[in-house]
Amino acid sequence: MNVQVAIIGAGPAGLLLGHLLYRAGIDAIVLEQRSPEYVLGRIRAGVLEQVAVDLLDEIGVGTRMHAEGLVHGGFDIGYGGGRSRIDLHGLTGGKNVMVYGQTELTRDLMDARAAAGLKTVYEAEDVSVHDFDGEKPRVRYVKDGVSHEVRCDFIAGCDGFHGVCRASAPKNILRTYERVYPLGWLGLLSDTPPVSDELIYIRHPRGFALCSMRSRTRSRYYLQCSLADTVEQWTDQLFWDELKRRLDPASAAALVTGPSIEKSIAPLRSFVAEPMRFGRLFLAGDAAHIVPPTGAKGLNLAASDVRYLARGLSQFYAGDSHGIDTYSERCLSRIWKAERFSWWMTTLLHNFPEANPFDQKVQEAELDYLLHSPAALTSLAENYVGLAFED
Ligand code: APR
Ligand code: PHB
């Protein structure tokens, strides 16, 4: 078959790009190696910047998000047995974030794609990308034992960190930058009311903790854990007991516990691949970069990449290649700032096994400075709600 754009991966990056292209009148196919149920079963962060909210509105997919999502004008930092509120709204001149689970957003995008009659091939096996150094790239895949070939103008690699697209980029051009943190996040989802109306990021000598939520009746909590830990060894009881130890006394007393619906351990990593364009192959989202979850930038970066890509491709079909020619550069400028912010927030709030007493004192001083400096608080808030686009 022939299409203008072949999108590899039906995560948030691929689905959002698919819909942006559809709205721009560009014909695309999405090829996904997993089933829709598997894609929806992955629990990830749930904090959207205004930019991501605007994009969903722009393509007419924001209705449920506005009805069910929670608008947050601030969050708390827990430290030394107390809590300090970061007034995002006040510090940024009126900006907020939207708390809406990635699973829900993915579902909305899948429904919108199905309603528009757009083609998505789930459980596509052995996806491979070819000839993207020329004008007519090809994508091959196998579905139900039958081989298929898609001829296209462009390939969008939205296939996540372990995908095939970055792995197919020429090794002599691709450069990668990486930091792996010696710790993990143990996440627990439960149908219990959140302990607080807003998120709480906690620095504690026993390790970081985060109180987040999916709705007023569903909570998402995280504990810093060792990468050697297993989910099995963390019974629900152990999890709740440890969370209470890391919370301030008032929150610990208010915490409502209950059976977990999901528990998982995620490693923390910072990673960037450069460039993000190889001829007619573009990388977007986790295929090109990973941030540690502190700061919740992963999904937002995926949204900003595909915003640039969709605009660049629309311009290309209108006769102007400037957008796709500057795609990599413009994405990376925003990505590195989010990388810096996520690394900084991670460094500020976690308990690093290798930290010496000097490192710990500097970390405490940094937090103390942040919480008492309007300039530092403004910088935190500006980054948390999302940096503005350059164009
Ligand atoms: N062929 C087809 N599909 C593939 C292949 C492949 N070889 N490899 C991976 N995929 C699919 C995955 O199954 C997944 O559904 O690509 C999709 C990539 O989705 P994500 O990993 O969610 O990445 P992305 O869409 O960039 O989302 C970025 O969402 O997933 C979070 O942590 C991530 O918050 C970040 C944001
Ligand atoms: C989440 O709700 O899963 C979440 C929220 C904020 C983060 C990370 C994860 O920084």
Side-chain angles (χ1 to χ4, degrees), residues 6-18 29-49 52 70 72 75 97-106 109-110 120-129 139-143 155-168 185 187-189 194 198-201 208-215 218-222 262 264 266-269 271 283-306 309 338 341-342 345-346 349 384:
I7 300 173
I8 319 298
L15 291 172
L16 196 49
L17 177 64
I29 185 171
V30 176
L31 304 174
E32 163 61 51
Q33 70 176 359
R34 304 286 190 172
S35 66
E37 297 72 35
Y38 184 97
V39 171
L40 288 173
R42 292 187 297 227
I43 311 287
R44 267 118 175 221
V47 180
L48 303 181
E49 296 175 358
L70 304 170
H72 283 198
F75 66 84
V97 291
M98 173 74 82
V99 174
Y100 189 59
Q102 182 172 316
T103 308
E104 303 310 317
L105 186 145
T106 307
L109 288 164
M110 280 180 174
T120 312
V121 180
Y122 285 98
E123 293 170 314
E125 294 166 59
D126 299 332
V127 174
S128 58
V129 293
V139 179
R140 292 204 194 117
Y141 67 97
V142 175
K143 172 73 183 171
I155 301 171
C158 301
D159 50 350
F161 185 64
H162 300 287
V164 67
C165 292
R166 190 181 71 252
S168 306
W185 275 24
L188 179 146
L189 191 67
E198 294 180 338
L199 272 60
I200 318 176
Y201 290 83
F208 169 81
L210 170 62
C211 304
S212 183
M213 64 193 73
R214 292 291 173 269
S215 69
R218 181 169 284 189
S219 299
R220 179 70 167 162
Y221 294 106
Y222 295 95
E262 191 264 4
S264 52
L268 269 65
R269 179 196 300 270
F271 174 89
L283 302 181
D286 277 18
H289 43 78
I290 297 287
V291 284
T294 337
K297 290 291 168 218
L299 174 58
N300 294 297
L301 279 182
S304 75
D305 290 352
V306 299
L309 187 52
F341 177 67
S342 308
M345 236 181 124
T346 302
L349 296 173
Y384 194 87

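Index from 1, following the sequence. Each ligand, and each atom within it, is numbered from 1 in the order the structure gives. As a basis for the values below, the full set of heavy atoms in this structure was taken, side chains included, without hydrogen atoms, waters or symmetry mates.
When only interatomic distances are considered, the shortest N/O to N/O separation between Thr294 and ligand 2 does not fall below 3.5 Å. By the 3.5 Å distance cut-off applied to N or O atoms, Met213 is not counted among the residues near ligand 2. Note: no N/O pair closer than 3.5 Å links Arg34 and ligand 1 by distance alone. Residue Gly160 has no nitrogen or oxygen atom sitting less than 3.5 Å from a nitrogen or oxygen atom of ligand 1, judged on distance alone. Geometrically, ligand 2 and Trp185 share no nitrogen or oxygen pair separated by less than 3.5 Å. Between Gly295 and ligand 2, a contact under 3.5 Å exists for at least one N or O pair. Residue Leu299 has at least one N or O atom closer than 3.5 Å to an N or O atom of ligand 1. Between Arg220 and ligand 2, no pair of N/O atoms sits closer than 3.5 Å.
Here the side chain of Lys297 pairs no donor or acceptor atom with the backbone of Pro292 at under 3.5 angstrom. Panel note: side chain Arg166, backbone Ala287; a donor-acceptor pair is recorded below 3.5 Å. Checked by atom type and distance alone, the side chain of Asp286 never pairs as donor or acceptor with a backbone atom of Phe161 at under 3.5 Å.
Close approach of ligand 2 to Val47 (heavy-atom distance below 4.0 Å) involves ligand atoms 5 (C), 6 (C). Of all atoms in ligand 1, numbered sequentially from 1 with element shown, those under 4.0 Å from a heavy atom of Ala302 are 28 (C). Set against the non-hydrogen atoms of Gly285, the atoms of ligand 1 under 4.0 Å away are 26 (O). Residue contact check: Gln102 has heavy atoms under 4.0 Å from atoms 29 (O), 30 (O), 31 (C), 34 (O) of ligand 1. Taking every heavy atom of Tyr201 and a limit of under 4.0 angstrom, the matching atoms of ligand 2 come to 6 (C), 7 (C), 10 (O). Atoms of ligand 1 found under 4.0 Å from any heavy atom of Leu31 (numbered from 1 in listed order, with element): 2 (C), 3 (N). Each of the atoms 34 (O), 35 (C), 36 (C) of ligand 1 lies under 4.0 Å from some heavy atom of Gly298. Near Gly163, with a cut-off below 4.0 Å to any heavy atom, the atoms of ligand 1 are 8 (N). Ligand-side atoms of ligand 2 in range of Leu199: 5 (C), 6 (C), range being under 4.0 angstrom from any heavy atom.
At the top of the distance list for atom 19 (O) of ligand 1, counting protein heavy atoms only, stands Gly11 CA, 3.5 Å. The closest protein non-hydrogen atom to atom 2 (O) of ligand 2 is Ser212 OG, 2.5 Å. The protein atom (non-hydrogen) at minimum distance from atom 9 (C) of ligand 1 is Asp159 O, 3.0 Å. Looking only at protein heavy atoms, the nearest one to atom 3 (O) of ligand 2 is Tyr222 OH, 2.6 Å. Given atom 30 (O) of ligand 1, the protein heavy atom at minimum distance is Arg44 NH1, 2.3 Å. Here the heavy atom of the protein found nearest to atom 8 (C) of ligand 2 is Pro293 O, 3.3 Å. Atom 28 (C) of ligand 1 has as its closest protein heavy atom Asp286 OD1, 3.3 Å. Residue, atom and distance of the protein heavy atom nearest to atom 17 (C) of ligand 1 are Glu32 OE1, 3.6 Å. Closest protein heavy atom to atom 9 (C) of ligand 2: Ala45 CB, 3.6 Å.
Under 4.0 Å from ligand 1, the heavy atoms of Cys158 that appear belong solely to its backbone. With a heavy-atom cut-off of 4.0 Å, Ile8 touches ligand 1 through its side chain alone. Neither the backbone nor the side chain of Val99 comes within contact range of ligand 2; no heavy atom lies under 4.0 Å. For Val127, every heavy-atom contact with ligand 1 shorter than 4.0 Å involves the side chain, none the backbone. Counting heavy atoms under 4.0 Å from ligand 2, residue Ala296 touches it through both backbone and side chain. At a heavy-atom distance under 4.0 Å, atoms from both the backbone and the side chain of Gln33 approach ligand 1. For Ile43, no heavy-atom contact with ligand 2 is shorter than 4.0 Å. Residue-level proximity to ligand 1 for Ala13 is carried by backbone and side chain together, each with a heavy atom below 4.0 angstrom.
With rounding to the nearest 0.5 Å, the separation of CZ in Phe208 from OH in Tyr222 is 9.5 Å. Rounding to the nearest 0.5 angstrom, the gap separating the NZ atom in Lys143 from the CG atom in Asp126 is 13.0 Å. We find the CG-CG distance between Asp305 and Leu301 to be 6.5 Å, quoted to the nearest 0.5 Å. Interatomic distance, Leu299 CG to Leu48 CG, rounded to the nearest 0.5 Å: 5.5 Å. Here the CE-CD1 distance, from Met213 to Ile200, works out to 8.0 Å after rounding to the nearest 0.5 Å. A distance of 12.0 Å separates CG of Asn300 from CE of Met98, quoted to the nearest 0.5 Å.
A heavy-atom distance below 4.5 Å is found between the side chains of Thr106 and Pro12. The shortest side-chain heavy-atom distance between His289 and Val291 does not fall under the 4.5 Å cut-off. In this structure the side chain of Thr103 never reaches within 4.5 angstrom of the side chain of Arg214, judged on heavy atoms. Contact of the Asp159 side chain with the Val127 side chain is not registered, since no non-hydrogen atoms from C-beta on lie closer than 4.5 Å. Val47 places a side-chain heavy atom less than 4.5 Å from the side chain of Tyr384.
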Between Ile43 and Ser264, is a side-chain contact (heavy atoms from CB on, under 4.5 Å) present by the stated rule, with each step listed?
-> CA-CA 9 Å; Ile43 311 287; Ser264 52; 5.7 Å; no

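Remark: Arg220 engages Glu262 in a salt bridge, criterion side-chain N to carboxylate O under 4.0 Å.
Residue contacts with ligand 1 include Pro12, since one of its heavy atoms falls under 4.0 Å from the ligand. Under a 4.0 Å heavy-atom criterion, Arg214 is in contact with ligand 2.
A search for side chain to side chain contact (heavy atoms under 4.5 Å, CB included) contacts involving Pro267 returns Leu227, not counting sequence neighbours.
The shortest non-hydrogen separation linking Gly295 to Tyr201 is N-OH, 3.9 Å. Pairing each heavy atom of Ser35 with each of Glu123, the nearest pair is CB-OE2, 3.7 Å.
Here the options are Leu199, Val99, Val97, the test is side-chain contact (heavy atoms from CB on, under 4.5 Å), and the partner is Phe75; only Leu199 passes.
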